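Okay, structure first, notes after.
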Amino acid sequence: MHENQLPATPRRFQMFIDGRWTDGHGNQLTTRHSPGHGTPVAQWPAGTAQDAKDAIRAARTAFDTGPWPRMPAAERAKVLFKVADLIEQNVDELGLIECLETGKPITQAKGEIRGAADVWRFAAGASRSMAGETLNNLGDRLLALVLRQPLGVIGVITPWNFPFFILAERLPFLLAAGCTAVVKPSEATSGTTLRLGELLQQAGLPDGVVNLVSGHGSEVGQVLLDSDLVDMVSVTGSTGTGRKAIQASVGNIKKLGLELGGKNPHVVFADANLDDAADGVAFGMAFNAGQCCVGASRLVVHRSIAEVFTQKLAAKMRRIVVGDPLDPATQVGALFDEAHMHKVLSYIDGGVALGATVVAGGGRTGCEKGNFVQPTLLTNVTAEMPLLRDEIFGPVLAVIPFDTFEDAIRIANDTEFGLSASIWTQDVNLALRAMREVQAGRVWINTTLDNGPEAPMGGMKQSGIGRDAGLAGIEEYTEVKTAHINLQPRTHWIGASDGL
Ligand code: NAD
């Protein structure tokens, strides 16, 4: 058992390329400091472009000539189920790594690891249901088959906020489809991804099927985006990184899966259960210290209840337990790093300087060694304030009152993003109308942040392209091929020539 404590020395990880553990071609190590404590907790190689190329070559060979894409789905499923079991057996260890590197609370971190095992299990079972179509309606002469084939080598680039869980929403799905992969985790939180390599090996995954390369986006990630040997890249990260992926993908017109940023509204109608809604909005804005792509950052509330609801919400927010990520009682941990914390604080200060009012929070909290910010609620916000438009990625919520249903929808959709939205009302018609009108890949009604591997997810507008999870999450990593089969003697296009 691993106790929930800071390590005496940073834990050392290696990269996993073609079934071998390696420090690669570089001689630099990246050291991660715990965002909640300021002490070094982990180290891994800063991978090079050559390491990325070696990994791509291994994944290419494993796809083009290896057993993985060719074996029955049932055999692939056995390996994926084994991985799920191994993840579950190592929840405490993986949870602690995740907590120390990301700054998220230990109970939440362990919950995410358990949740990830469940996602691996879903994908394992679903792999056996991947099917194509038969078109038997083309007349006597023709029969058509629509095959779904594994797409090929997939580059997977992940962010720092949910390193293990986000990987689980992609990797087992592409493996279920029969693809091979090169994974590049965030340079800041690579530990659990690299540790997963050992579990994949233990589960019997053939060498080269999954390769794990730590390193910077501009170095390792860019090679994945540029390579002609990579068939698809799945990028989960900021919209800026998504743009870079689109620009780089022109070389071999590779497929892209993009899960990007959000500026997500919670719409609270006048008839909502205000106590439930206040609790849900507080959870939505503060979960993972607001560093959640689908977290709440705009509160669109009916003017008639705006004052009373804001007060209820502020009271809830003040009671959120922010502090040491290793304390099991902590609900909200530290922000990613000091620079990010100052960026979040500058959005708050910038808003106040332009006339916004702080109703709850507004500044740092906790010990000086950690990057802790109080859950912050702001009213009197205006369109000129960057806090209303940018993805802040911190526990900051802006209140915007509305008067009519149309107003509410217009405000909710008034953003370049379209990732998620939450609607709070007891009127079922209102809820369903709002659900239809709101521009978001994921909508919650009288709840927020619920999820499960059964349901596909992704973004509209500049929040992304493609869908992960659900059966769509396996289809995403397949190529559709159509075959027409002639069942009759051929009617010749060119008449028979004399004597032949
Ligand atoms: P980021 O865009 O800075 O980095 C994401 C990943 O891209 C990292 O692994 C990084 O190294 C890599 N990268 C950066 N530049 C690259 C380049 N030129 N080429 C290739 N790879 C490159 O994002 P982040 O700060 O790690 O994560 C936070 C962002 O991720 C937020 O915008 C958040 O909304 C988004 N996010 C989206 C989802 C979703 O499902 N939509 C989920 C989680 C996070």
Side-chain angles (χ1 to χ4, degrees), residues 30 32 35 44 46-47 49 52 56 101-104 112 119 155-170 182-190 192-194 212-227 230 233-249 251 254 256-264 287-297 335-337 339-341 343-344 390-394 415-420 440-442 449 451 455-469 473 476:
T30 300
R32 177 65 175 163
W44 41 76
I56 292 169
E101 292 178 15
T102 62
K104 66 179 71 205
E112 284 171 23
V119 183
V156 182
I157 296 176
T158 54
W160 53 261
N161 58 344
F162 295 94
F164 200 75
F165 194 80
I166 283 177
L167 186 58
E169 289 172 330
R170 284 127 186 96
V182 178
V183 179
K184 193 212 86 65
S186 163
E187 53 273 29
T189 58
S190 308
T192 49
T193 300
L194 298 175
L212 309 170
V213 187
S214 47
H216 289 273
S218 53
E219 179 94 10
V220 174
Q222 193 68 41
V223 174
L224 293 180
L225 294 177
D226 289 333
S227 173
V230 173
V233 180
S234 155
V235 180
T236 310
S238 59
T239 294
T241 302
R243 283 208 175 83
K244 285 187 191 149
I246 292 169
Q247 278 156 1
S249 66
K254 62 172 63 64
L256 293 176
L258 302 178
E259 298 275 359
L260 309 174
K263 187 74 184 171
N264 311 299
F287 178 67
N288 215 45
Q291 304 164 118
C292 181
C293 57
V294 286
S297 54
L335 290 175
F336 169 68
D337 66 12
H340 183 56
M341 175 185 69
K343 190 175 150 203
V344 170
D390 299 352
E391 182 186 47
I392 299 176
F393 230 51
T415 165
E416 67 202 32
F417 298 108
L419 200 55
S420 79
R442 268 200 272 184
L449 303 187
N451 70 350
M457 60 190 179
M460 292 168 68
K461 300 179 356 190
Q462 292 183 36
S463 289
I465 300 175
R467 292 294 178 266
D468 281 297
E476 188 77 5

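As the structure is a prediction and not an experimental result, all values here were calculated from the model. Ligands are counted one by one from 1 in listed order, and the atoms in each one are counted from 1 as well.
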Please check if the side chain of K254 supplies one atom and the backbone of S227 the other of a donor-acceptor pair under 3.5 Å. yes
Please write down residue, atom name and distance for the protein heavy atom closest to atom 38 (C) of ligand 1. C293 SG, 3.1 Å
Element-labelled atoms of ligand 1 that are located less than 4.0 Å from some non-hydrogen atom of E187: 10 (C), 11 (O)
Please list, in number order, the atoms of ligand 1 under 4.0 Å from a heavy atom of K244. 18 (N)
Exactly one of V213, V182, V156 should register a side-chain contact (heavy atoms from CB on, under 4.5 Å) with L224. Which one does? V182
Hey, which atoms in ligand 1 end up nearer than 4.0 Å to a heavy atom of L419? 41 (N)
Given 3.5 Å as the limit, does a donor-acceptor pair link the side chain of S463 with the main chain of G261, or not? yes
Counting non-hydrogen protein atoms only, what is the nearest one to atom 27 (O) of ligand 1? Give residue, atom name and distance. P159 CB, 3.2 Å
Close-contact set for ligand 1 against Q222 heavy atoms, below 4.0 Å: 17 (C), 18 (N), 19 (N), 20 (C)
K104 side chain vs N161 backbone, donor-acceptor pair below 3.5 Å: yes
Out of all atoms in ligand 1, which are within 4.0 Å of some heavy atom of L225? Include the element for each. 19 (N), 20 (C)
Using atom types as modelled and distance alone, determine if a side-chain donor or acceptor of K461 lies under 3.5 Å from a backbone N or O of T415. yes
Where is the nearest protein heavy atom to atom 23 (O) of ligand 1: which residue, which atom, and how far? S238 N, 3.5 Å
Do side-chain atoms of E219 reach the backbone of H216 as a donor and acceptor pair under 3.5 angstrom? no
Check ligand 1 against T236 and write out every atom of the ligand that is under 4.0 Å from a heavy-atom position of the residue. 5 (C), 37 (C), 38 (C), 39 (C), 40 (O), 42 (C), 43 (C)
Judging by distance only, is a nitrogen or oxygen of W160 under 3.5 angstrom from one on ligand 1? yes
Any side-chain heavy-atom pair from Q462 and R243 closer than 4.5 angstrom? yes
The closest protein heavy-atom partner of atom 8 (C) of ligand 1 is T158 O, 3.3 Å
Donor-acceptor pair between S238 and T241 side chains, under 3.5 angstrom: yes
Find all atoms of ligand 1 within a distance of less than 4.0 Å from any non-hydrogen atom belonging to E391, and give their numbers and elements. 31 (C), 32 (O), 33 (C), 34 (O)
To which of V156, I157, V183 does the heavy atom nearest atom 7 (O) of ligand 1 belong? I157
Given 3.5 Å as the limit, does a donor-acceptor pair link the side chain of N264 with the main chain of C293, or not? yes
For atom 37 (C) of ligand 1, which protein heavy atom lies nearest, and how many Å away is it? L260 O, 3.1 Å
Determine, step by step, whether E112 and F162 satisfy the side-chain contact (heavy atoms from CB on, under 4.5 Å) criterion, reporting the C-alpha distance in whole Å, the side-chain angles of both residues, the deciding distance to 0.1 Å, and the verdict. CA-CA 8 Å; E112 284 171 23; F162 295 94; 3.2 Å; yes
Considering heavy atoms of the protein only, find what lies nearest to atom 20 (C) of ligand 1 and give residue, atom and distance to 0.1 Å. G221 C, 3.2 Å
Nearest non-hydrogen protein atom, atom 43 (C) of ligand 1: I166 CD1, 3.3 Å
among protein heavy atoms, the one nearest atom 35 (C) of ligand 1 is G237 O, 3.1 Å
Test side chain to side chain donor-acceptor pair (under 3.5 Å) applied to T236 and R170, step by step: CA-CA 10 Å; T236 310; R170 284 127 186 96; 2.9 Å; yes
What orientation do W160 and F336 show, parallel under 30°, tilted 30 to 60°, or perpendicular over 60°? parallel
Sub-4.0 Å atoms of ligand 1 with respect to non-hydrogen atoms of N161: 43 (C), 44 (C)
Measuring from non-hydrogen atoms of S186 to any atom of ligand 1, is the shortest distance under 4.0 Å? yes
Should F162 be listed as contacting ligand 1, given a heavy-atom distance under 4.0 Å as the test? no
Out of the candidates L194, T193, I157, only one should pair with V183 under the side-chain contact (heavy atoms from CB on, under 4.5 Å) rule; please name it. T193
For ligand 1, find out whether one of its N or O atoms is nearer than 3.5 Å to an N or O atom of V235. no
